[in-house]
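Here is the structure we will look at.
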Amino acid sequence: MAFKIIASQCTQCGACEFECPSGAIKFKGESYVIESQKCTECEGVFDAQQCASVCPVPKTCVPA
Amino acid sequence: MSAPAISLESLSTTFGDQLLGTMKPGGCASSCGSSTKPDDTDPAVWEKIKDHPCFSEEAHHYFARMHVAVAPGCNIQCNYCNRKYDCANESRPGVASEKLTPDQALRKVIAVANEVPQLSVLGIAGPGDACYDWKKTKATFARVAREIPDIKFCISTNGLALPDRVDELADMNVDHVTITINMVDPKIGAKIYPWIFYDHRRYVGIEAARILHERQMFGLEMLTARGILTKINSVVIPGVNDEHLIEVNRWVKERGAFLHNLMPLISDPAHGTHYGLSGQRGPNAMEMKALQDRVEGGAQLMRHCRQCRADAVGMLGEDRGQEFTADRIPGEVTYDASKRNAYRELVAQERRDHVAARSEAIGLVKAARPGKSVLFAVATKGGGRVNEHFGHAKEFQVYEASPRGISFVGHRKVEQYCLGGRSAEATLDGVIAALEGVDIVLCAKIGNCPQDQLAEAGIQATDAYAHDYIETAISAIYTATSGAPALAATA
Ligand code: SF4
Ligand code: SF4
Ligand code: SF4
């Protein structure tokens, strides 16, 4: 139960990093990466996954 | 006309020369600023805009701005934007600016301030939204303010997160904010913005546009209430919001906007934007002019903002950004205030002089009898003077003299006649074409040959007013020739 970022599409805007309620997203090397152990899919906090809702590139923050 | 009391260029110090030598004509500032004359500007407002090249047409002759792209996160999607590139709100679409961390930005600002003493404004524009990606914006301003206390800050924003930040903006002495407002009718907004991210969810369609519109108006009202100057940028999208911008102008004016800047949509499939890919075209120059003329008299219009890159550095049309990329900036830089202070002293004195000369010149023009309008194209490299050689000019500043006084109209870009890659002949034809409609060219020096060819094209060119203030030169010619189209004595 986690989301992932398709690194090749990421623009490195960093919006997902500061929207994530679980602190699961970090910048690593070339792109932002979701740490799957920390990702809660925003369960119980928000109705929609924050990373996927804010990401400017379609289908870039997707279920792992 | 009396000789200028102090000529910056005649200062014998190499320092003065060096300072002015770096001034180049034509830039954002020159063209996008308000053309309000100092003598009819409210003193409190003047205090705020006087060193800001984008807000004051007068300041663009003396000061430089720089932008740093530190806030790449954004909370809306615009159909004219592709996030791989700069935010098209305020910047040039299709170019990618260097993203910096607040610490890198601080080093860059110090490096620039040490090299470019004209620097007076640090702006944060797209890619991204300075109010939404707020932590990075705030950290950058706080760090820079600690090192360079007298620099002014400005931001540009899409407005969605603006109401949340107004108090902090006021606390941090940000006294200029640019909001991009493309619509006041959510039905039109829905054609421009596919979605927004607000209050932890994504909104689409008319609901998204309605929220954005309400937040923009609210933010604008809050800024006005706190005395923070606002510039409204509107992207002109033919067939979508072009007519509608007349109403936008009315709304923003009612809410205290200081300037309204119409920017043409730049649309190219290669930019990968929705509009670029779907074939939505941008407006042509005549459409822009017609629209500007129709909103004239609303909030003051900025003529010809140059849509600089988000990492632009420099004065007027110049962009020295490439000299200051992160890899060229040393890890440690120390701010040296001496150059900027010396420059400011020089400028303060020169400006007092210029303001006086300018109001005198405008008075003479207003008083001159036969009331026709004459267009002047001026070659200048800054300082408000006729001080560039005809052949070195990369652009001409266009002024109109008429019974209403002297006003700045805009700029015309040209290929440098002397340095052009093509034959001088072909280049001169290009320059003549670019000067269409201009009656008189003022420059510091011009050869007989180009002068004759301009004359054949019906344009009189003179270097008789070399190094005079622009307005002084214009009024001398205008008052001498009002009625008769003869400039033979000086031509
Ligand atoms: S789904 Fe939610 S918790 Fe998981 S990475 Fe995205 S924002 Fe963070
Ligand atoms: S929001 Fe999307 S584009 Fe931006 S950093 Fe996250 S994954 Fe990359
Ligand atoms: S984009 Fe350039 S021209 Fe326009 S306001 Fe900013 S600095 Fe001035």
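Throughout, a chain's letter reflects where its sequence line sits, starting with A, and its residues are numbered from 1.
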**Asked** Passes side chain to side chain contact (heavy atoms under 4.5 Å, CB included), T178(B) versus T230(B)? Steps please.
**Response** CA-CA 6 Å; T178(B) 299; T230(B) 47; over 6 Å; no
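- Listed in order of number, the residues of residues 199-210 of chain B that approach chain A to under 4.5 Å between heavy atoms are H200(B), R202(B).
- Between R215(B) and D164(B) a salt bridge is recorded (basic side-chain N to carboxylate O distance below 4.0 Å).
- The ring pair (Phe, Tyr, Trp, His ring centres under 6.0 Å) check on Y275(B) picks up nothing, with sequence neighbours excluded.
- Judged by distance alone, with hydrogens and angles left aside, the side-chain atoms of T137(B) form a donor-acceptor pair with the main-chain N or O of A130(B) at under 3.5 Å.
- Checked against the 6.0 Å centroid criterion, the rings of Y132(B) and F18(A) qualify as a close aromatic pair.
- Checked by atom type and distance alone, the side chain of N241(B) pairs as donor or acceptor with a backbone atom of I237(B) at under 3.5 Å.
- Listed by first and then second residue, the side chain to side chain donor-acceptor pair (under 3.5 Å) pairs that reach into residues 53-64 of chain A are Q9(A)-T60(A), sequence neighbours excluded.
- Residues of residues 40-51 of chain A lying under 4.5 angstrom from chain B, judged on non-hydrogen atoms, are F46(A), Q50(A) by number.
- Heavy atoms from other residues, nucleotides or ligands lying under 6.0 Å from NZ of K26(A) number more than 12.
- For the pair M66(B)/V109(B), a side-chain contact is recorded, criterion being any heavy-atom separation below 4.5 Å from C-beta on.
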